[in-house]
Structure formats: structure tokens, C-alpha cells
Amino acid sequence: MNALLSAALRLVDPAEIAVVVELRTARQAALFGSGRLAEADAEYRVIERLCERMPDRAGPTAVQVRGLTHQTRFAEAIALSLESLRECGVVVPSGDRLPAEVDQRFERLYRWAAGSDPADDLARPDLADATTLAVTRLIDAALPAAYFVADPALIAWLGLEAIRIWIEHGPGPSVIGPASHAAYHAGAQRGAYEAGYRALQRIVALGEARGYEPGTSQARHMFSALSGWFEPIENGARAAQEARTGLIAGGDLAYAGYTYQLSVPYLAECASSLENFVAEVDRGFAFLRRTGNEQTGQWLDSYRWLADVLRGESPAATDDPIPLDRFSDNPLALFYAHQCHALAAACFGDRVRLAEHSAAAMALLPAAAGFYSTAVARLLRGLALADQARAATADERGAPLSELDEVMRWLAARVRDAPENFLHLVRLLEAERAWAVDDFRGAVRAFDAARREVVQRRRPWHRALIAERAARFHLAHDIDHTGFDLLAQARDDYAAWGATAKVAQLDWAYPALRSGAGATASLEEARPAGAVHERSAVTTGTLDLLGVLSASRALSSGTSIERLHSRVVDVLSAMTGATVVRLVLWSDDRRDWLLPASAPPNTATGADHDHAVPMSVLRYIRRTEAPLVVDDVTRDDRFAHDPCFAGLTRCSFLAVPVLSRGTPRAALLLENRLIRGAFTAERLDAVKLIAGQLAVSLDNAQLYAQLTASRARIVTAADQARRRIERDLHDGAQQRLVALALRLRATQAQVPPELTELAADLGDLAAEATSQLNELREIARGIHPGILDTGGLQAAVRTLGRRSPIPVDVDQQPAQSLPKHVEVSAYFVVAEALTNAAKHSRASSASVTIRLDAAKALLLVTVLDDGVGGADFTRGTGLLGLKDRVEAIGGRIVLQSPLGAGTSLHAELPLADPSRSSALDG
């Protein structure tokens, strides 16, 4: 489509302004729809010059506002939309007048919804005034940006302005969508959920009767958002998916992308399995990538992270940091990030992270006002507060219990309208509160009621979490048989949902669950259909042997301290049932113990037990250089007073020194805070074998880190030398050649007309000087691309694409500050790949994609071409040198080039400075 429109523009007389504007408007929409947002921006600038009246260019302006929103340029999007509304004659209230204006307009909405007959709307003609129609299109485009910056007053005013137009001028296809936002926010902002729900039903009914699409589907999208307060959330998920279908059919791809903001959180609660949930997330990623909807994709990352953690399909963990800089201008995405981390923490029993992330999510509730997700945020906060109240002294319980009561009151108020969504949540928090205040009978009744309610719902993780927390309550009161029965049920519920990492955690902590020792028939009816009992007849000795073999394989390939730490944690947790595993390093330089960078900081004197290091134990094994096994460290006078163990009721402990040539290198610390006597002599022998392999691996890791740092310093020094040479060429030889060419041209101009041969010779010399200058510039660019220093990576890659003899499609994220060594390496990856595509691969086109993976701190560079393939790192020095450069900074490069099928070159460049010394270097 874009190619056809571009060809048509070349055929049209530029004097025919109306035709040119029409073609450029269509081209802008095509570019926007294919996610080529930078080109769509440029097209809008041309339209803006050609079409001075805002009402005449309202359509392109609305597309431009959406494009800015997709690029997370929210402030620009809002500024453009409000200024455009003013140009159309709309009085936009100033910031200080906005709340009062919104108050008045909400009252008008209530009167319209309650006092007018819906049949009157059907009798009214459609809105026809051109300027008013332009206003409705601009309002519709402005709303998403207002949501992303979490400006509730502006969101409400925009929707209520659409309601004013409806009341005063009549309904229409472009009014119905924005008007639905006003009805939605009657609930979200004013608590008038029922009034908003009824108004949305009226708006959707009119849209369906009149065939207003895609506006009706947008209204159905808003109805989905509010329906969770009145209907089962399964209905909301279906409504969001139906809205998406209608929006795609109507060509509104931007709002079609936003429907994933409802369907994904709904399905996180009610999808029958994580597999089905991930399928929706992946569909969302694919759709949003096609349409360039970057800011919506940001929060989908959090849900994909959650699924990966629960299924154990990535090295991610509940304590993974949230990339706050990535979400700095997207509070809604930040809300979902904290909520997903809080949910993972709740499932894995990480109380510290649950408290941290649930509190952060609560602070961001305005960004998600009216969404069902706010109820989940309150549930998770309630669980964290109950944990805090139980851990506090009687005098300190007041504050968390007071906040917990507030959370419970809010959820209880929702029960009347949608008990199927909220009643079991209220019962769970009632049980948790009763447990916190030592009301045993009240807790038993409330846990029983919560389990009875949730078993009637399709809420997989709710059912599993309620069973698990009820089990922990019974175990804490030494009612072991019931507690283990409930744990077995929770394990089966997690397994049926697909949370294999959680199942593994329960198996590690309670090996008896795998053999069914805790299962009873009385709870079979509470298990979901199809739940699988994963049982094992493997003996402890076999498990230890397999664990040692697995550890040896894993540790022998470890090349970094952080990776070794992660692998040790995984292997020893699985093999011993430890709930906490730490690798603590000894630094001879500092004469102190250190934690790897991937571990929490050493806060041995703090009250945060999950982050603390037991210094009394470390001093003991440093002094004795012997292993230590303690059945319950809280009852051992040598260690019970260590701040790390303060407040714990039980904790099995195992510590093993890691010695290399008789000197301490590290220590392995294993804890099980669920049962006493968890670590046997057999397990100690297995851990000692692993410690022996670990000593060798630590030495190797240190040597590898030193080698990597050395290689990185060599690459950095070479880049600096190349930069100096390029600068010397630019400031020296190039400038002299420029001056020479200018002098020759000036001399040529002064030659008398009769000396034609001399003039021609001077012209040839000037041309030769210019040719040499261009050749020298090419040489300088090959030595070091100067544009990297002046324009950054994005400008440099665009220049490579323009200079390439074959067409190159460049797709880059918005510019961000990157380390210099990363920019240089990325540039040479693209340059070498495009050179090979043009010279050797005989490609007709190529594409360059550059993405920043903030979660993994990687820059991802991919270059594809459609040539003959057959590229190989062993042929020639270009690709091999590129491989050495990437690996020297700790990166990875993958080449796929089958004969006849084109070439794909993918590089992963770490943002961290590779020349840093390792943890063992002190």
C-alpha cells in the first residue's frame, strides 16, 4: 500500500493540494498501521504545511497523536491534541479549573443516564457538523496518552466532552467510543460503578443498533473493563476479545492493541492453565510488534516474566529488579510490573518481596483506576500486611492490622455486586487476619469458607494459594496431618495450573508430597478436573548421586561468579530441599565475606532475614574450616542470637567451606526454615563433593573474568586509537584536501576565457582532489564512524542504511544513552553485515532491528538479508573479527546462513562494563 501511494504521489500535480493531502493522509495511515512511526511523523509534517486549518487535518492529527503515544512520547501527544482541540474552538480548561469542570460534567452524565430515554437516542440523527466530528476524532486519539500518564482529571474531561457533544449535537460513530470512557470513569474515579455500568450498557446497545464500528467495539472494550465489578471475570475476558475482533475489522489497530490490557490480566486470574494464559500474552506481543504499539508491550513483558518464573522456563527469580528507568514515563506498566512481582512473591512465599512490591503497586493504583487488577493488588497487599502483623510484636501490630482492615472493607464492598469474583478473597483475608491476632477458631472457619467458595470458581492460583496458606496455618499450629493434606492439595492445584517451578519448590521443601504421604481422599473433590499427581519412587541416595552429577556438569561450564551462584542455588535447592541457598565469597584483599552481584546485599545487622548473612556461622567455619550441620539453629546457643535468625521459629542449617589448595575461597550456606533436621549426613557428603567441584570452578571463573576484562581493555584501547586516527584525518588531511579543492576551483574561475585548456586541467585537478577527499572520508569512516560521537547509534545506523547499495529497512527503538563500547560494537556488526549482504550475498534487500532488553541489560542487534547465504565465520577475517569483538565485551553472536535461504546475524551485547574486576578480585 505504501509503495502504491508513493507512486501515486509522484504522478500527481503538486498544485492539486487537496489530492496531495488526501494521498499523503492515506500514506501516513498506512505507515502508522505498519508500525513505521518515524516515517509517519515525517509525513504528518508535510501535511501540516499543506493544510493550515485544523478541522481539515484532524484525521492526520489524530493519527499523529496515536503515533506519538505508541512511541511513549506521551507529553507531546497530549500537548498536540489539546492545542488541536483549541484550534477547533473547544474551550480546554486550565489545570486549576479542571477538577471543578469535571465535577459539573459528571453530574450532567448522571442526569442524562438516569433521566433520559434510551429510545430518544435512536430517534436522533447522526452527528454531521464537520468541526464537531473533527473534535471527536481528536478526543478519541488523546485518551490513550492520558491513560498512560495516569492523568484521571484529563481522562474524565475528554470523555465527558464527548458526552456533552452527544447530548447537544447527537450521537455518531466517532462519539460513542470516547463517550464510553466517561461512563467507565464514573465508576473508576467517582465510585459510581453501577451508574457507569448502566451507562455503558446503554452506549453499547445504541452502537450495536446503529452499527457504529469500530466505536461500538471501543465501547465494548470499556464495558469489559467495568464488567469485572458486576459479572464473572470470564465475561470480561470474552468481551475484551470480542472488542478486539471488532476493532481490527474496523481498522482501529491502536485500540485493538489496548484490549490486551484487559484480556491478559483477566486471564491471569481465570485461565485454566498457564499455557493458555501465555498463548494470549504471545498473541499480544505479536500483534503489538506488528502495529508498533511499544508502550502496551512494556507491561506485557511483566506478565511473560511472571509465567516464565512460575513455569521455571527462565533463570528469572522473584527478586529480579524491576527496570524502573524503562517505566519512568509509563506508570501503568510500572503498576503491572510491581503486581506481577508481588504475585510471584506470594506464590513462592517470598514475604520481603511481597511486602515491597505490593506496597509499590498500591502507590500506583491511580494509574489502573477501575481495572479489576486493582482488586488483585489489594489482595496481595492484604496478604503482605497479614504476614507483617504476624511477625510483629503485640504493640507493633496496630498499623498493619489497620491497613489490612481498610483493604478488607474495600473488597467486602465489591462482594454485593460480584460475589463470584470477591467473596473467596474476603474470606482468605479474614482467615489471615484471624491468624495474625491468634484467633485460632476464627482462622479455621475463615480458611474453610475461603476454600469452599474458591472451589466453585475457575481461579487456579487463588485455589492453590488458599490451600497452601491454610496448610501453613495448620503446620504452624502443629496440626501436621491436616497441614500436609492441604499442602498436597496445593501442590496438585499448582501442577494442574502449570506452575512447575512452584511444584518443584514444594517438592524440595516437603519430599513426602512426591510420594503422596500427605494426600487424603477427603479433599479429592476440591481438586480441579485433570489434576496430575506427580509421584516419585527415587531414593534419597539416588537423588543425591544424580544431584552431584548434575552439579558437576553445571559447575564445570560456569565462567562467571554470578552464573555459578545461580547454578549452585538451583542444584542444591533441588537436591537438599533448602529454602535458601547462598554462595558467600571470601576476599583476601578485603579480608571479608562478599556476596556475588546476583545475590542480595549483605545486611547482616538488619532485620530483613532473607537478605541477611549469618556472620556468627561464617566466623565459625572461617575459624574451623570444617562443615557445620545444625538441626535447628534457633535452639543452638552458638548461633541463635545472630540477627539473621531473629524472629524465626525453626531453621535447619548446613554450612560447608569451599577450600582451594587449603585456603578458604567461599562458603555454601543452606537453610530450611520450614522443618527441623532437614540436612542429614548423606546430604552433607553430597554437598561436600559439590564444594570440591565449586573450588575448581571459582578459580576458572576468576581466570575467565580476568581474561575477559583484558580482552575488553584491548578492544577499548583499539577503539580509542581508531577514534584518534579518525579525528586526526578529519582535522588534518581532510581539511587540507577541502582547502586545496576550493583553491583550485577559485583559480579555475579566474583563468581568462581564452585559456580553455588550463581551465579544464584545473577542473580535473579539483575533481581529483574531491575524489581523493571522498575516498579519505570512506577510509576514516571505516577506521571509526565519527557520526557515533555526534549523532549516536541511531543516526549512525540510519546513515549505514542510506549508504547501502541495496534497500535497507531500519527498525530501532527510540534513542537511549548507551555505553560507548556497546555503540561502537553494534555499529560494526551492522556495517559488516550490510557490507557482506551487498558484496557477497547478492541480496536484493536487508533489514536491521535494534532492541534494548532492559530486563537482561542487553542490546539486541539483528541483521537479515535475502541473499544466497553460505556465510561462515571461518571464511575471511571480517566476520571472525566481528565475533572476536563481540565476545571480547562479553557478548554473543549467532550466524545462520543456509545456502539459498539468506543470512541472519544476531548479536547480544551486554550493557555492563566488561572490564570490571570479578567479585573475587575484591
Side-chain angles (χ1 to χ4, degrees), residues 101-129 132-133 135-137 139-140 143 155-232 235-236 238-247 249-250 252 255 258-259 262 369-370 372 416-418:
E101 181 80 11
V102 167
D103 287 342
Q104 295 174 7
R105 295 194 176 204
F106 266 124
E107 291 301 324
R108 189 177 190 185
L109 168 65
Y110 301 151
R111 291 195 300 272
W112 169 75
S116 61
D117 189 346
D120 294 341
D121 293 328
L122 289 170
R124 299 179 70 182
D126 281 357
L127 175 65
D129 178 70
T132 309
L133 285 169
V135 168
T136 60
R137 285 195 289 271
I139 291 173
D140 192 37
L143 276 162
I155 296 168
W157 180 83
L158 290 167
L160 291 164
E161 178 67 10
I163 289 289
R164 180 193 67 78
I165 292 172
W166 181 317
I167 295 171
E168 295 178 5
H169 300 278
S174 59
V175 183
I176 191 168
S180 66
H181 290 265
Y184 167 76
H185 279 279
Q189 292 191 33
R190 299 307 164 104
Y193 287 96
E194 188 167 1
Y197 180 66
R198 302 305 173 202
L200 274 167
Q201 287 181 315
R202 174 175 175 173
I203 291 170
V204 171
L206 174 70
E208 290 175 343
R210 287 272 182 100
Y212 289 160
E213 287 291 357
T216 302
S217 289
Q218 187 186 144
R220 192 175 292 113
H221 164 69
M222 301 311 300
F223 179 80
S224 165
L226 211 57
S227 66
W229 309 114
F230 297 92
E231 304 175 18
N235 293 359
R238 283 193 294 270
Q241 292 167 336
E242 290 171 8
R244 184 183 311 141
T245 301
L247 289 162
D252 193 342
Y255 266 103
Y258 300 143
T259 61
L262 298 177
Y372 178 79
R416 179 180 64 85
D417 294 321

If every non-hydrogen atom of [X] is compared with every non-hydrogen atom of [Y], which pair is closest and at what distance?
X      : Y      : answer
Ala219 : Ile203 : CB-CG2, 4.0 Å
Leu226 : Gly196 : CD2-C, 3.6 Å
Ala199 : Ala113 : CB-CB, 4.4 Å
Ser174 : Thr136 : OG-OG1, 2.7 Å
Tyr110 : Ala192 : OH-CB, 3.9 Å
Leu109 : Ala186 : CD2-CB, 4.2 Å

Side chain to side chain, [X] and [Y], heavy atoms closer than 4.5 Å:
X      : Y      : result
Phe230 : Glu194 : yes
Ile163 : Arg108 : no
Ile176 : Trp166 : yes
Tyr258 : Gln218 : no
Pro171 : Leu206 : yes
Pro178 : Leu143 : yes

Ignoring hydrogens and angles, tell me if any N or O in the side chain of [X] forms a donor-acceptor pair with the backbone of [Y] under 3.5 Å.
X      : Y      : result
Arg124 : Ile167 : yes
Trp112 : Arg164 : no
Arg190 : His185 : no
Ser224 : Gly236 : yes
Thr245 : Gln241 : yes

Q: Answer yes when Arg238 and Glu242 have at least one side-chain N-carboxylate O distance shorter than 4.0 Å, and no when they do not.
A: no
Please round to the nearest 0.5 Å and tell me the distance separating atom [atom1] of [X] and atom [atom2] of [Y].
X      : Y      : atom1 : atom2 : answer
Glu213 : Leu247 : CD    : CG    : 7.5 Å
Ser227 : Met222 : OG    : CE    : 11.0 Å
Tyr184 : Gln189 : OH    : CD    : 9.5 Å

Q: Please name the residue in the list Leu158, Val175, Leu160 that meets the side chain to side chain contact (heavy atoms under 4.5 Å, CB included) test with Ile139.
A: Leu158
**Q.** Centroid-centroid under 6.0 Å between Phe223 and Tyr197 rings
**A.** yes
Q: Kindly determine whether Arg210 and Asp126 satisfy side-chain contact (heavy atoms from CB on, under 4.5 Å), including the steps that lead there.
A: CA-CA 9 Å; Arg210 287 272 182 100; Asp126 281 357; 2.6 Å; yes
